Amino acid sequence: MGNNGHKGPGEAVVLPSRPPFSMNPPRLLVIGAGSRGRAYARAVKSSTNGILAAVAEPDDYKRDHFGKTMIWGANSPPPEGTAFTDWRDFITYERDRRARAQAGEDGVPSGVDAAFVCVLDEMHHDVVIALAQLGGLHIMCEKPLATNLQDCINMYAALQSNTIDGDQKAVFSIGHVLRYSPHNILLRQLLLKDRVIGDVLSVVHTEPVGFWHFTHSYVRGNWRRENTSAPSLLTKSCHDIDVILWLLCSPPDNMSPQEVLPHLPSTVSSTGSLQYFKRSRKPYGAGTATNCLSCPIEPSCKYSAKRLYVGDKLVGLGSGNKGWPLSIVLPDIESYGTDQERERALLTKLGEDYDSSISDSQVAQRNWFGRCVYESDNDVCDEQVVTITWDEDPLPDLSGRNGEGGVDSPASSDPMRGRGSKTATFHMVAQTKQVCERYTNIYGVDGEIFADSRAITVQDFKNGQTTTYHPHIESLGHGGGDAGLTRQFVLAVDKVKNHGWSSDKAQRELVGCTLDEVIRSHAMVFCAEEARKEKKVVHWSEWWANEVQNKMSRDT
């Protein structure tokens, strides 16, 4: 029997505290005041040394509520340059503001230093490119970067030319929040720096989406159709693919300069489909009903919209919830005075339906949260598996090295230095009780790890010891990832603006993710989708050269 060791929060990874405010704090614009825009705004308020200075949002209620609670206060009208109904209005205003300031006009308001892009996925391309062409602003874009590979490549080229002070490339961050949770920071440290299980041989990572969560977002909601959004592997799980590459492909932080080349994958394959949420699975008792409120078996159906959004068993109004997902169904839910008024408004919204008299394009333009999950117009996968393999790829000069990165360094305690053959399997599954509480099995030459959303357990083969770590959960948003990403991005902006850091240093040391890594992880998703649809194994290096590298060369 081995000894059991239990590590408490903070013993292995010390979370940074809220940074002190500079004399001239970073001023931040949020484009899109939906659930993700509000999540980042809350993180700005709680975890960063930046200030929210402006919002761009077409919905009057969302814009006004965001402004009153986050920027200008409940009893004041929005000052100049703080509220925009369209992101294009901000671009126009900012060009004019800069011209006024350059002309020496008195009373010109200060501009913003950075923007959070939190609009619909299919809008990311246009917004980010416009901001990059405007120039001078650091950018954080919610994931995914874009909904197709060519748009990602276009954005990569535009962001390369986005400069501040005329020469430095501006800081860029992507909403891959899983990189920034204390859990995953510790997991990467244990694997790559401490090497607690030696060289990794295999990773099996699962994202349990949740039976009702999947219906909300991917059967009834924004991400249900590939032609209006993107594949569910991209919209739901691109940051899971990113974390896998971060652990197995990106070099650890203690590498010497000659060891920083990423260990690139060899092959990619994938299987998956829309298995369950379709008409062939509809219970006979539901008959011809297309909406939950007119369905004879609604009271017993686990996917009842009334049960989910109004009831008291899951996250409905009856449970005391007034936030997500109710705020998606009824964005102005807080404006109703009583729960009875909220319930009536919710039921009215849920009762909305469509039939053959409404064109497919009209149906696709909006969400239908009361729609029968077996009669919806969804087509994205509700189950998918992705397998990525790596071949042995040792760097030259493996033996006889000393000093920095030499034979005595942690990185070289095994011949491959983390570049041996290995396999990663990712499983996205809808039918789960757990909601996005990811779990991972990692198998190494000296031990194995099981990591869930709350603990990391290490089994050491060499000494028989079991050690369990309990990373501090900073906040509910992706296990602290929302706060962590926001803090690091705003701190990077502050260091460049106020403390003389180069943007390259801030990108590398604080954001910790390069544009190349962003493109690689998104490209991996599109590669996996090609493999799934064409039922083939894709050779990564060839695919990358043809689909990404050659197109980048043409575009730049």
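In this text, all values refer to a predicted model and were calculated from it rather than measured experimentally.
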Next on the checklist: What I want to find out is whether E530 reaches K536 closely enough, with some N-O distance under 4.0 Å, to be called a salt bridge.
Outcome noted: yes
Checklist entry - Do side-chain atoms of E207 reach the backbone of V209 as a donor and acceptor pair under 3.5 angstrom? => result no
Item to check | Contact list for residues 112-140, test ring-ring contact (aromatic ring centres under 6.0 Å, His included), sequence neighbours left out | outcome: Y40-F116, F116-F489
Checklist entry - Are the side chains of T228 and E122 in touch, meaning some heavy atoms are under 4.5 Å apart? => result no
Run the side-chain donor-acceptor check on residues 27-35: report pairs under 3.5 Å with partners two or more places apart or on a different chain.
from: R27; atom 1: NE; to: G111; atom 2: O; distance (Å): 2.7
from: R27; atom 1: NH2; to: S110; atom 2: O; distance (Å): 3.4

Next on the checklist: Whether the side chain of S237 engages the backbone of D240 through a donor-acceptor N/O pair (distance < 3.5 Å, no angle test) should be reported.
Outcome noted: no
Checklist entry - Between Q365 and S361, which heavy-atom pair has the shortest distance, and what is it? => result CG-O, 3.1 Å
Checklist outcome for this item: Taken in chain and number order and not counting sequence neighbours, the residues that satisfy side chain to side chain donor-acceptor pair (under 3.5 Å) with T389 are T267
Checklist entry - How about K62: does its NZ atom have over 12 heavy atoms from other parts shown lying under 6.0 Å from it? => result yes
Next on the checklist: For a quick test of reading the model, state the closest non-hydrogen atom pair linking A53 to I71 and the distance between them.
Outcome noted: O-CG2, 3.9 Å
Would you list the atom pairs, donor with acceptor, under 3.5 Å between side chains in residues 343-352 and any protein atom, with sequence neighbours excluded?
from: T348; atom 1: OG1; to: R344; atom 2: O; distance (Å): 3.0
from: E352; atom 1: OE1; to: R366; atom 2: NH1; distance (Å): 3.3
from: E352; atom 1: OE1; to: R366; atom 2: NH2; distance (Å): 2.5

Item to check | Pairing residues for R95 by the salt bridge (charged side-chain N to carboxylate O under 4.0 Å, His left out) criterion, not counting sequence neighbours | outcome: none
Checklist entry - Would you call the rings of F369 and H216 parallel, tilted or perpendicular, where under 30° means parallel and over 60° means perpendicular? => result parallel
Next on the checklist: Please check if the number of heavy atoms outside K45 that lie under 6.0 Å from its NZ is greater than 12.
Outcome noted: yes
Item to check | Pairs flagged by salt bridge (charged side-chain N to carboxylate O under 4.0 Å, His left out) wherever residues 141-153 is involved - sequence neighbours left out | outcome: R36-E142
Item to check | S304 versus C292, closest heavy-atom pair with distance | outcome: CA-SG, 3.9 Å
Next on the checklist: So, using ring-ring contact (aromatic ring centres under 6.0 Å, His included) as the criterion, who are the partners of F526 when residues are at least two apart?
Outcome noted: none
Next on the checklist: So, using side chain to side chain donor-acceptor pair (under 3.5 Å) as the criterion, who are the partners of D353 when residues are at least two apart?
Outcome noted: T290, R371
Checklist entry - S181 and N184: side-chain donor and acceptor closer than 3.5 Å? => result yes
Checklist outcome for this item: Note: R63 and P58 closest approach over all heavy atoms is NH1-O, 3.6 Å
Next on the checklist: Going by ring-ring contact (aromatic ring centres under 6.0 Å, His included), name the residues that satisfy it together with W543, two or more places apart in sequence or in a different chain.
Outcome noted: W540
Checklist entry - Partners of K68 by side chain to side chain donor-acceptor pair (under 3.5 Å), sequence neighbours excluded? => result D64
Checklist entry - Got a salt bridge between R532 and E529, using NZ or NE/NH1/NH2 to carboxylate O under 4.0 Å? => result yes
Item to check | Shortest non-hydrogen separation from Y354 to E375 and the atoms involved | outcome: OH-O, 3.7 Å
Checklist entry - Looking at residues at least two apart in the chain, or sitting in another chain, which of them share a side chain to side chain donor-acceptor pair (under 3.5 Å) with Q431? => result Y303
Next on the checklist: Within the structure provided, determine whether Q488 and V511 are in side-chain contact (heavy-atom separation under 4.5 Å).
Outcome noted: no
Checklist outcome for this item: Residue set satisfying salt bridge (charged side-chain N to carboxylate O under 4.0 Å, His left out) with R97, at least two apart, ordered chain then number -> E94
Checklist entry - Given the rule in the ring pair (Phe, Tyr, Trp, His ring centres under 6.0 Å) test, do H213 and W324 qualify, once you have shown the distances and angles that lead to the verdict? => result CA-CA 11 Å; H213 178 214; W324 184 91; 5.2 Å; yes
